[in-house]
Amino acid sequence: MPAPVRQPRTLHDKIWDDHVIDTQEDGLSLIYIDRHLVHEVTSPQAFEGLRTAGRAVRRPDCTLATVDHNVPTVSRKNFTNVQSFIAEPDSRAQCQALEENVKEFGLTYFGMTDRRQGIVHIIGPEEGFTLPGITCVCGDSHTSTHGAFGSLAFGIGTSEVEHVLATQTLLQRKAKNMLITVEGTLNEGVTSKDVILHIIGVIGTAGGTGSVIEYAGSVIRGFSMEARMSMCNMSIEAGARAGMIAPDEITFDYLRNRPLAPKGEEWDRAEAYWRTLKTDDGAKFDKEVHIRGEDIIPTVTWGTSPQDVVPITGSVPDPANIADAVKRASVERSLKYMGLTPNTPMQEVKIDKVFIGSCTNSRIEDLRSAAKIVLAAGLDAKVADGLYAMIVPGSGLIKQQAEAEGLDVIFKRAGFDWREAGCSMCLGMNPDQLSPGERCASTSNRNFEGRQGAGGRTHLLSPGMAAAAAITGKLTDVRKFLSADAQEKVASGPKLKLTSPFEFLTDPVLPPPAPELPTRVAPTSGPLPPAESPSSVEKFTIVKGIAAPLHIENVDTDMIIPKQFLKTLKRTGLANALFYTLRKDPATGADTDFVLNREPYTQAKILVCDGENFGCGSSREHAPWSLNDFGIRCIIAPSFADIFRNNTMQNGMLPVALPKEVCKELTEDAEAGFELEVDLEKQEVRRANGKPPIPFTVDPFRRHCLINGLDDIALTLQKAQKIEEFEGRRSQVWPWLDGFGYKGKIPLNPAKQAAKMEW
Ligand SMILES: CC(C)[C@H](C(=O)O)[C@@H](O)C(=O)O
Ligand code: SF4
């Protein structure tokens, strides 16, 4: 018999196929997870779950933890311990909880005295922990960043973090294949940040829902790893499950000699495998989008969604020109929040703060491109009067390298504040925040209402554009600083540490070696619990009650629960946090007339929204926890963001997707005060106004779990033997994936270590 002919496969297909441990008849697969990154915000409840069930971490050698979201970015010169350094009690508690958890569970941890500490999505690649061909997860939506290496990398919620810690696997349904090509030549001043903002403007924040996007084409191939990471990072802003780019010489050059990358003969084997990781000719994509590089010019956002983009040469949109009433209302709402007048040229918009940082744009190349603009503005250029500009490197090592290149001198001399590594003002879980009404030019990835501080206004842009805005005090076309005249001016000026102002652009310094070399540890399996472990998840059969109507598109999880409530160590007590900014008057703290504050909706068990893309943005499971705590067990909407949908079902809640017109009708029922009855067994929504029931469908496996209140982890552990067999094969075929650990090398006395370090 001739061997069956294999269909051409996409890069995503290949990585997926290599990680499937088991597939059920209905298509649900158990996939192996090669790399798990952990941070302090989304892990405490997961470790608590392990503790309660008496479970161990299955693969400490494939798990890497750090603190990033809560850490203050002020100087650590006087750091002795987290207890005394972090003033805010909840932030402190989360960081301390992680310190304790990594000790208890034996995990590799980059704490605040470690130069390798930084934003979780920066340190994975920097260490070579992120590799081509792997599956990589983290309780964080921007895990998509790691797809830049040709890996399948995606964000998960806290329940899934617990699942991965306990089993090193996840239950997943394969996503669709989407291709986005960018061909041609980019205009001067256009960076990968402009390219991804432009793409999101074209496809919208739900354009990638249910898909893994592969970015291809000559423009992408020409990008450095840093630029590719910025692109893949924002795949989540396009609604995609993940983004990826096939590995090539640029990828291999970046990874060679990274502390955790394979070495010697193992590198050669790995590289040979990685070279097979590209989409075959003739492979089919479910969706394709083709973009011309020439069409992109430096881009900036004007509104409160990452899809609200405009070329820097454009103007604030005018709602009067929008025919669709819902869209018009949404633009009006955004403009009101942003304090912008229709038709104002973007370059006349004045800025109060500039933030250069975040997992999108805080890498060495980002800092170089911002420094280039500062230099191009002239050696006497200064941050505009009254403006505050901060630079937050993505990791301690990036900070160190930038200082070795003299970038800090360029920034500080121009009046920028040079900070320590962390998430910082991207989200403001630490003290770095906008005040109400302040406007920020930010290199981060989300411009949601209140994202950088309650009432704060965010314009997303590239590092060069942010630097230009810092100097002029307004949103500015970066190309003004790239003219021959400006460069001439700089070239003739006095010299800094560098022999030419742009020397660092062509001759980058290699990253300094990591302070400690890892020790190889054999893969271990943690003790397996009894398969019949009880589930704490409530069963869902029928939910009947008041339904609250909501008319908002793209309800993001920052809106469902703002960042200040993510600092909890529990899953409960979040009812008051639900839709906090919509429910509380910022000035008085009094209740607003938001629907959930009004009778009878204070008793709502169901939320009906007629806007698409409910639950987009961050992976915070706090969003379903707060809905649940309020009493809402079912959300009906035209479409859901992938991670949010998953997170609700992990908590015994039901997301029901129905056509937009049907959702609209149901919001009318809700407004008239009619109760709704959602029956999961019969898969129908019954209406109290005598109209016929509305059928819906739910993933059969999830339906079964919800109706019976089953625990995913216990179910997965019934397949322990298959997982072990997979691990055996994995060790033979991909030996470099049996990770490296720093077991036993976690600093036990941070104070002593801090004293040794120069900050
Ligand atoms: C805290 C975390 C859950 C969150 C995310 O998933 O994205 C955060 O990193 C963010 O950017 O909002
Ligand atoms: S998006 Fe911002 S808050 Fe989230 S991980 Fe990245 S830097 Fe941190």
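In listed order, ligands and their atoms are each counted from 1. All values reported here derive from a predicted model rather than from experimental measurement.
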Task: Closest approach of any protein heavy atom to atom 1 (C) of ligand 1, naming residue and atom - done: His69 NE2, 3.6 Å
TODO: Below 4.0 angstrom from a heavy atom of Arg451, which ligand 1 atoms are there? Numbered from 1 as shown, please.
DONE: 10 (C), 11 (O), 12 (O)
Open item on the list: Quick check: His39 and ligand 1, any N/O pair under 3.5 Å apart?
Closed with: no
- [ ] Among all protein heavy atoms, pick the one closest to atom 2 (Fe) of ligand 2 and tell me residue, atom and distance.
- [x] Cys426 SG, 2.3 Å
Open item on the list: Between the side chains of Arg333 and Glu553, is the shortest nitrogen-to-carboxylate-oxygen separation below 4.0 Å, so that they form an ion pair?
Closed with: no
Task: Check ion pair Arg368-Glu365 (N to O, under 4.0 angstrom) - done: no
Open item on the list: I need the atoms of ligand 1 closer than 4.0 Å to a non-hydrogen atom of Ser618, numbered in the order shown.
Closed with: 3 (C), 4 (C), 5 (C), 6 (O), 7 (O), 12 (O)
Task: Test item: Arg702 and Gln650 side chains (from C-beta on) under 4.5 Å apart, heavy atoms - done: yes
TODO: Could you list which atoms of ligand 1 come closer than 4.0 Å to a heavy atom of Leu427?
DONE: 12 (O)
- [ ] Would you check if there is a donor-acceptor pair between the side chains of Ser305 and Asn554 at a distance under 3.5 Å?
- [x] no
- [ ] Measure the distance from atom 2 (C) of ligand 1 to every protein heavy atom, then report the residue, atom name and distance (to 0.1 Å) of the closest one.
- [x] Asp140 OD2, 3.5 Å
- [ ] Answer with yes or no whether Ser358 contacts ligand 2, where contact means a heavy atom under 4.0 Å from a ligand atom.
- [x] yes
TODO: Check each atom of ligand 2 against the heavy atoms of Leu427 and keep those under 4.0 Å away; list them by number with element.
DONE: 3 (S)
Task: Numbered atoms of ligand 2 (with element) below 4.0 Å of Asp140, judged on heavy atoms - done: 5 (S)
Task: Protein contact to atom 7 (S) of ligand 2 [nearest heavy atom, distance to 0.1 Å] - done: Cys359 N, 3.3 Å
Open item on the list: Looking at Asp556 and Arg446, is there a salt bridge between them, counting it only when a charged N and a carboxylate O are closer than 4.0 Å?
Closed with: no
Open item on the list: Within the 3.5 Å criterion, strictly below it, is a donor on His121 or Asp68 matched to an acceptor on the partner's side chain?
Closed with: no
TODO: Take the angle between the ring planes of His69 and His39 and call it parallel below 30°, perpendicular above 60°, tilted in between.
DONE: tilted
- [ ] Using a 4.0 Å heavy-atom cut-off, say whether Glu621 meets ligand 1 through its side chain, its backbone, both or neither.
- [x] neither
Task: Protein heavy-atom partner closest to atom 8 (Fe) of ligand 2 - residue, atom, separation in Å - done: Cys423 SG, 2.4 Å
- [ ] Using a 4.5 Å cut-off on heavy atoms from C-beta on, say whether the side chain of Pro132 contacts that of Thr251.
- [x] yes
Task: Cationic N near anionic O, under 4.0 Å, Glu162 to Arg571 - done: yes
Task: Per-atom contacts of ligand 2 with Asn445, taking only distances under 4.0 Å to non-hydrogen atoms - done: 1 (S)
Open item on the list: If the contact criterion is a heavy-atom separation under 4.0 Å, does Asp68 count as touching ligand 2?
Closed with: no
TODO: Would you mind listing which atoms of ligand 1 come within a distance below 4.0 Å of any non-hydrogen atom of Ser619?
DONE: 3 (C), 5 (C), 6 (O)
- [ ] Could you list which atoms of ligand 1 come closer than 4.0 Å to a heavy atom of Ser141?
- [x] 5 (C), 6 (O), 7 (O)
TODO: Would you please say whether a donor-acceptor pair under 3.5 Å links the side chains of Glu612 and Ser639?
DONE: yes
Open item on the list: Heavy-atom pairs closer than 4.0 Å: do any link ligand 1 to the side chain of Ile236, the backbone, both, or neither?
Closed with: neither
Open item on the list: Within a 6.0 Å radius of atom NZ on Lys176, are there more than 12 heavy atoms belonging to other residues, nucleotides or ligands?
Closed with: no
- [ ] Mark up the atoms of ligand 2 that fall under 4.0 Å of a heavy atom belonging to His69, in ascending order.
- [x] 3 (S), 4 (Fe), 5 (S), 8 (Fe)
TODO: Heavy-atom distances under 4.0 Å are what count here, so tell me which part of Lys563 touches ligand 1: side chain, backbone, both or neither.
DONE: neither
Open item on the list: In this structure, does ligand 2 have an atom that sits under 4.0 Å from one of the heavy atoms of Arg620?
Closed with: no
Open item on the list: Test of understanding: given a 4.0 Å heavy-atom threshold, classify the contact between Arg451 and ligand 2 as side chain, backbone, both, or neither.
Closed with: side chain
Open item on the list: Using salt bridge (Lys or Arg N to Asp or Glu O under 4.0 Å), reason through Lys103 and Glu100 one step at a time and then give a plain yes or no.
Closed with: CA-CA 5 Å; Lys103 277 185 201 152; Glu100 280 154 26; over 6 Å; no
- [ ] Just let me know how Thr42 lines up against ligand 1, side chain, backbone, both or neither, with a heavy-atom cut-off below 4.0 Å.
- [x] side chain
TODO: Could you tell me how the ring of Phe47 sits relative to the ring of Phe105: parallel (under 30°), tilted (30 to 60°) or perpendicular (over 60°)?
DONE: tilted
Open item on the list: When you compare the side chain of Pro624 with that of Phe644, does any pair of heavy atoms fall below 4.5 Å?
Closed with: yes
